[in-house]
2 protein chains.
Amino acid sequence: MKYFQHANDTIAAPASPQGMGAIAVIRVSGPQALPIVNQMFPSKNLTQVASHTLHVGKLIWKGKWLDEVVIAVFKAPRSYTGEDVVEISSHGSPVIVQQILQALTEAGARIALPGEFTLRAFLHGKMDLTQAEAVADLIAAESEAAAQNALKHIRGGFSRDLQQLRNQLLQFAALIELELDFAEEDVEFADRDALYRLLQDIDRHVSQLLQSYSWGNVVKHGLQVVIAGKPNVGKSTLLNALLNENRAIVSDIPGTTRDTIEELIQLNGLLFRLIDTAGLRVSEDVVEQIGVARTHQKVLEADLILYVFDATQVDISEWQQVLDWLQEIRKKHILLMNKIDLQPHIPEDIVHHPHVMCISAEKHLNIDALKNKMIDMALQAQAHNESSIITNARHYAALQQVKNSIEEIFQGLQQKLPTDLLANDIRKCLHDLGEITGEVTTEDMLDYIFSHFCIGK
Amino acid sequence: MKYFQHANDTIAAPASPQGMGAIAVIRVSGPQALPIVNQMFPSKNLTQVASHTLHVGKLIWKGKWLDEVVIAVFKAPRSYTGEDVVEISSHGSPVIVQQILQALTEAGARIALPGEFTLRAFLHGKMDLTQAEAVADLIAAESEAAAQNALKHIRGGFSRDLQQLRNQLLQFAALIELELDFAEEDVEFADRDALYRLLQDIDRHVSQLLQSYSWGNVVKHGLQVVIAGKPNVGKSTLLNALLNENRAIVSDIPGTTRDTIEELIQLNGLLFRLIDTAGLRVSEDVVEQIGVARTHQKVLEADLILYVFDATQVDISEWQQVLDWLQEIRKKHILLMNKIDLQPHIPEDIVHHPHVMCISAEKHLNIDALKNKMIDMALQAQAHNESSIITNARHYAALQQVKNSIEEIFQGLQQKLPTDLLANDIRKCLHDLGEITGEVTTEDMLDYIFSHFCIGK
């Protein structure tokens, strides 16, 4: 397995994003980190300096001045990886970064694989697996809420609880294994009622985490909001009104996923993906209109639909068709009567419909109220406020397996299965729990997890 | 002037390139840098720590955990800017960087203007103006040679010499101003012969620097190589053969300027811009073919032309037309007989023509020899090997002015101008010299120079 063959190598990689900037940081970790960098740093003997200190000087390799740099020294175990770590801050030119990396490899380091620094932190016990995974989530976070959730995982809240429950189950497992040794004497060391209660505890915990996943996805990827309505009702104006000052916040961030029809806004730290479906409107040919594959897909994936009407010319038959359609697709929605600055006459029953809001996108009337309503509807998806939220598909799958294996133990207990079969089921459950926190790992699994990291982390 | 109104502010900006990465660095500089960051760093009192130390802890603002960070402390004057500097290394998520910047501004810092850190380094005497400008060049360097040259300027070689010469001229100026005070007595404190010799010295120096500019441009922007020839003679194959393993070196670097027809390679640390001009071939309608405006422009800008023939079917009339054309445009060139692996018969006088090389782009025959020839021809442009090279258009213009003002002093001396007019000319020359090193600056000039920096430098 590629990550484990050379676990004692000293590894190096750029740690700051690629591109031009004032500073670029190159990270070196491993037993030879200090001697290797020391070879190219004549101003001071880095192998003699204290941990957590900074040193300014020239980086020189084979007689060539590579750059004037700042060297940060972190000595094992007080470092990110738990090994000796040297961070080199150079001028932020890709050419210089490349020359330094080349010099480092010539001096004995090897270019790190993606996530290899964090893998080493995990292997040296600096963090468990969910914490390591949260590092990748934190880096990729597109909103404050996503970053906050990743930080929560780094702090270790969610896996610590599972670890404790697993340890309790481990004790039962030990007792049951002991029973197997005394099988002929037919004794019961493990209290079956206590085991049952523990399993219920684990099951409750796991179910809660599983439930948090849909909200977790909203936190991580944002709430999909489809804006629909006939042409010229003011959809684009609404989009702009919603984006307004918030737009800068998001579009300043490079790397956020965007295509021509998606705009991102952050409201109260939550991410909303606004999708302007020019193609979507409900008319007499409802089916034909919605049938456009792509638009249809967007509607199916939507968490919220904003349907915009021109309040100056409400078409009662369209209104009824829209209501029917929304009922059919069972999506959360807000019905917007736009252009109220023109003081249109809107039928009473429409104004008082519970999902209707009257706005003027152009004059910015009620836009803040609409934003608050959108936040409220987003928060409705949030089952539990302060408890842990999972966002990682691997965790979701592993928790599902835990839930299944607990179910099997329950059945086994009820059917008073022979102890050896029960022990088997418990071992499987321990294994599944351990896979989440990383107490049980396979090389393939670690390969999979860490290969999705960025270089230098 | 925007840069000087708030020179005592504490400024903050992202210092690492934008985007996702393992680490992002945010730089804070100014009298309040330590107290400001200290407000959000509960684990330790940063105002009490030693300079050049690293501190790991949580960054917390208004009760919200922003990230787990590493804080680097550089105390004035031992820092890049000469002020107290704090560098915050956070997780490399744009969202986190933005939250930290927002917290910093709420705590009393202001977002830095482009180049403002380096401007402060200049204002605090940490570097002269040419050194500051070289920092921007270093960051933007696209090749090893360009980086090396920028580093040379950062070391201060070229401006130090000018500074010394200027100081000598300053002494003469003082003596001549003294003569003015005693104008009625008709004395000469300043030895006119010695002044003449000094001016010759300055003139020689300035002329050398001016001459280095064309080579400086090659170093900075690369040598323009136009590949020309009829269709199907193997131009694209040649381009690929030249790019080969070297291509990765350059295309791994983001931010290098490329369009559809340009490819960059680095040979011996020098940058070559290969331009495949599909449109350019010399035929009977020479004028028409070359007349295509864009191609024509490329040829005019070219430093070197590689003209490719298919050696299996050399057309003698094309050969002659090409020779005539190359003579007319007076460009360096290499004539390539391609496909020699097919053992074609090539007329003797063509094989022995001094500019002809026989290659096979497909079989990679003589490609290394061609590369060496290209390097040789690039180095021919290098007038002087070890002396300073200027690459900056501002320096070139200022040196031109120095040369002109020296010329006027020469004429004044020859024409035995009255002392006050001579003093005037010398003052102008001192001013022009001072503008290069930054001993004479105007706010507009500094505005212009530093506004071309990237944010965070």
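Naming convention: chains lettered A, B, ... in sequence-line order (proteins, then strands); numbering from 1 in each chain. Everything numeric here is computed off the predicted structure, so don't read it as measured data.
Separating the CD1 atom in A:Ile139 from the CD1 atom in B:Ile23 is a distance of 9.0 Å, to the nearest 0.5 Å. Between the CG atom of A:Leu151 and the NE2 atom of B:His91 there is a distance of 7.5 Å, given to the nearest 0.5 Å.
Heavy-atom distances place the side chain of A:Gln99, and not its backbone, under 4.5 Å from chain B. Contact annotation for A:Arg27: only side-chain heavy atoms (C-beta onward) come within less than 4.5 Å of a heavy atom of chain B. Using a 4.5 Å cut-off between heavy atoms, A:Val70 touches chain B through its side chain atoms alone. Residue A:Thr118 does not touch chain B at all, counting heavy-atom pairs closer than 4.5 Å. Using a 4.5 Å cut-off between heavy atoms, A:Tyr80 makes no contact with chain B at all. At a 4.5 Å heavy-atom cutoff, the contact between A:Ala140 and chain B is made by backbone and side-chain atoms alike.
For the pair B:Glu144 and A:Lys64, the salt-bridge criterion is met [side-chain N within less than 4.0 Å of a carboxylate O].
Per-residue heavy-atom pair counts under 4.5 Å with chain B were compared for A:Leu54, A:Ile96, A:Leu66, A:Thr53, and the maximum is reached by A:Leu54. Contacts with chain A were tallied for B:Gly21, B:Ala24, B:Pro17; B:Pro17 has the most, counting heavy-atom pairs under 4.5 Å. Comparing B:Ser16, B:Ala141, B:Ala15 by how many heavy-atom pairs each has under 4.5 Å with chain A, the most go to B:Ala15.
Along residues 129-138 of chain B, the residues that come nearer than 4.5 angstrom to chain A, judged on non-hydrogen atoms, are B:Val135, B:Leu138 in order of number.
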